[in-house]
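Computed from heavy atoms alone, side chains included, the values below leave out hydrogens, waters and symmetry copies.
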Amino acid sequence: MPLRHLYSALERRFEADILDILSKNLRITQIGTVVNATLLLVVSYGTVKNEVLYGWYIAMLVVALTRFVWWRDFRVASVQTAPEIRAWTQRFVLGTLMNAVIWGVAGVVLFNDSVVHQTFLAFVLGGISAGAVSTLSVMRPLAMAFVAIALLPFSVKLVSVSSAEHYAMAAMLLMYCVVLVGTARNLSQALHNSLRLNQENLSQRRENEEIALRLQTILDNTADAILTLDPDGHILSSNHTAKKMFKCDEESALVGRYLHELIAEPERSSWRGYFSNRTLPSMVGHEQSVSMLRASGQAFQVSVILTAMAYGEQQLYTVVMRDLTEREKIERLKRDIVSVVSHELRTPLTSIKGALDLINSGTLDSSPEKQHDMLKIAQRNAHRLEKLINDILDVEKFESGAVQLEQSVFSLNRLVRDALDENEVYACNMQVNFHLEAAGREDIMVRADERRIMQVLTNLLSNAAKFSPPGRRVDVLVTRIGTAARVEVVDRGAGIPEEFQPRIFQKFSQAVTADDRKLYGTGLGLNISKAIIEKHAGNIGFRTGSGGSTFFFDLPVVNPS
């Protein structure tokens, strides 16, 4: 029988729920079926032929066992899709109808002339039908079919006897059948109303959960930490940013604590008083800077804004906090940029202006040698200005992704030798010597932008010369490490101060020499070098100690084999 014929339009909405209810009731109904069949076997023994009685009983046991096996398989199966739900429901329906047929047959083949036996048989069939109505009313057509199949054959058998008592008993069974059908209808309506309410509640709960999840996702991805407080200052909830801000392992490390426990002294006492004296509403809407404590006890500044909200009849507060540490870093970086750029611009401009003023004023000795010296000063400082502007433009290009590499295959060893030659004059001025190690003579081919790699080499070599004591040597080494080519520049300076090391590749970062001389430079060279090497899918780094520093960079070789 196609399953759709047993489903009403309403029932098709709850197929999964109906299957769940049918499966839960199946075990108890089969136990009741076997018990009632056994009682009927005992009572009917000797009143009907043994082969008929045993044949019926065995058929009943086979159906019961089959349905029990299906129930066991369903318990371990993962039933999720609509076709799977319908297939299993069809099994349960088939088993129910087989059971109904067995009881309908019992009303015919186990019938005998004993009125007592007929009454007992009517009692058993009526009880079985009543139980079926209670367990199958979730699928009303199936419950009605069971009652009809189980009771009508026995009613027909009673009528065939043609006595007033049997007519009366048949009429009572038919009336009982009508009552059971009506009961099944009422139970079905009640069950479906319950299923509909449950489904609506479930849908509403899922919708609420989705809304809550979306809101929580929005809160967790905001840049600000958000806490919800009760009037006593207990933290009721927090977002993911708050966990990161306070460096807690879980958001639950904040929930349940008092807000003032997260505030450093002396402000902690004031905030404790706001809650204990119920003066917190006076703080609503006013932004202020507060010193907070991370989980490690480290203090940091945050900007705090407090807002009030009504949750039902309860007054709650929301605290929005923004970490001022990053803002202070940005402000400090801006000050550094303005300071460095203004100094680096003012110094060469002053020199150029002074040289040109002397030439144009006529006060300078009119000899060509003196004027030539002034022009050389102006030219040198003009080059200095040009380098600063080019460096700033390079930084902007790399950050915006506008740099286009002009790559070609070349010998890295040859480029290193060229870089040493081009920077030899600078090394002489700094009174140091460049030395190419013997291991760097093996030819290593790379594919890169030759001009940009020369820019990196020039920066590393000039830095090494700048920070090496006079009379010392700067070693340069070109080696191959697996599939990468490495260039190392080793100076003999005092090393990089530990507090400066985290900022070594940042913009406008400049160290000082061992004698505290801050040497000329824009503080952009290493930042640009890092951007160039990473643009080539390479790596740049350094090692440092009291005996000097080693800066190195790696590039992929053209032919790793």
Original post:
Nearest heavy-atom pair of L324 and S303: which atoms, and what distance?
Top reply: CG-N, 3.7 Å
Original post:
If you count the non-hydrogen atoms of other residues, nucleotides and ligands that lie under 6.0 Å from CD in E406, is the total more than 12?
Top reply: no
**OP:** Kindly say whether the aromatic ring centers of Y274 and W271 come within a distance under 6.0 Å.
**Re:** yes
Original post:
Of all heavy-atom pairs between L306 and V319, which one has the smallest distance, and what is that distance?
Top reply: CD1-CG2, 3.3 Å
Subject >> Atom of L53, atom of S44 and distance for their closest heavy-atom approach >> reply: CD1-CB, 3.9 Å
Subject >> Minimal non-hydrogen separation, P153 against G104, with atom names >> reply: CB-O, 3.6 Å
Original post:
Can R294 be said to sit on top of F300's aromatic six-ring, NZ or CZ under 6.0 Å from centre and within 45° of the ring axis?
Top reply: yes
Original post:
What distance separates M245 CE from M321 CE, expressed to the nearest 0.5 Å?
Top reply: 6.0 Å
Subject >> Cation-aromatic face contact R91/W88, 6.0 Å, 45 degrees >> reply: yes
Original post:
Of T66, V93, V63, which is the lone residue that meets side-chain contact (heavy atoms from CB on, under 4.5 Å) with M98?
Top reply: V63
Original post:
CD1/I226 to CG/N239 distance, rounded to the nearest 0.5 angstrom?
Top reply: 5.0 Å
Original post:
Does atom CD of E51 have more than 12 heavy-atom neighbours, drawn from other residues, nucleotides or ligands, at distances under 6.0 Å?
Top reply: yes
Subject >> Gap between atom CG of L229 and atom OH of Y258 - 0.5 Å precision >> reply: 12.0 Å
**OP:** Would you name the heavy atoms of Q407 and R447 that are closest together and state the gap between them?
**Re:** OE1-O, 3.4 Å
**OP:** Answer yes or no: is there a side-chain heavy-atom contact under 4.5 Å between V124 and L39?
**Re:** no
Original post:
Taking it one step at a time, do K244 and D323 satisfy salt bridge (charged side-chain N to carboxylate O under 4.0 Å, His left out)?
Top reply: CA-CA 11 Å; K244 294 196 296 184; D323 194 342; over 6 Å; no
**OP:** Given side-chain contact (heavy atoms from CB on, under 4.5 Å), test R72 with V69 step by step and report yes or no.
**Re:** CA-CA 5 Å; R72 186 198 61 188; V69 170; 4.0 Å; yes
Original post:
So how far is it from F123 CZ to F120 CZ, rounded to the nearest 0.5 Å?
Top reply: 7.5 Å
Original post:
Passes ring pair (Phe, Tyr, Trp, His ring centres under 6.0 Å), F74 versus W71? Steps please.
Top reply: CA-CA 5 Å; F74 173 78; W71 172 81; 9.0 Å; no
**OP:** Measure the CZ-NZ distance between F553 and K530 for me, rounded to the nearest 0.5 Å.
**Re:** 15.0 Å
Original post:
Which heavy atom in L97 sits nearest to a heavy atom in I149, and how many Å separate them?
Top reply: CD2-CD1, 4.1 Å
Original post:
What do the steps show when you test T29 against T96 for side-chain contact (heavy atoms from CB on, under 4.5 Å), and what is the final call?
Top reply: CA-CA 10 Å; T29 58; T96 300; over 6 Å; no
**OP:** Nearest 0.5 Å please: distance from the CD1 atom of I540 over to the CZ atom of F505.
**Re:** 4.5 Å
**OP:** Report the C-alpha distance between F246 and V302 in whole Å, list the side-chain angles of each, state the deciding distance to 0.1 Å, and finish with yes or no for side-chain contact (heavy atoms from CB on, under 4.5 Å).
**Re:** CA-CA 11 Å; F246 288 95; V302 299; 6.0 Å; no
Original post:
Taking the six-membered ring for Trp, are W56 and W103 parallel (under 30°), tilted (30 to 60°) or perpendicular (over 60°)?
Top reply: perpendicular
Original post:
Does the side-chain contact (heavy atoms from CB on, under 4.5 Å) test come out yes or no for W70 and L94, once each step is laid out?
Top reply: CA-CA 11 Å; W70 285 351; L94 178 61; 4.1 Å; yes
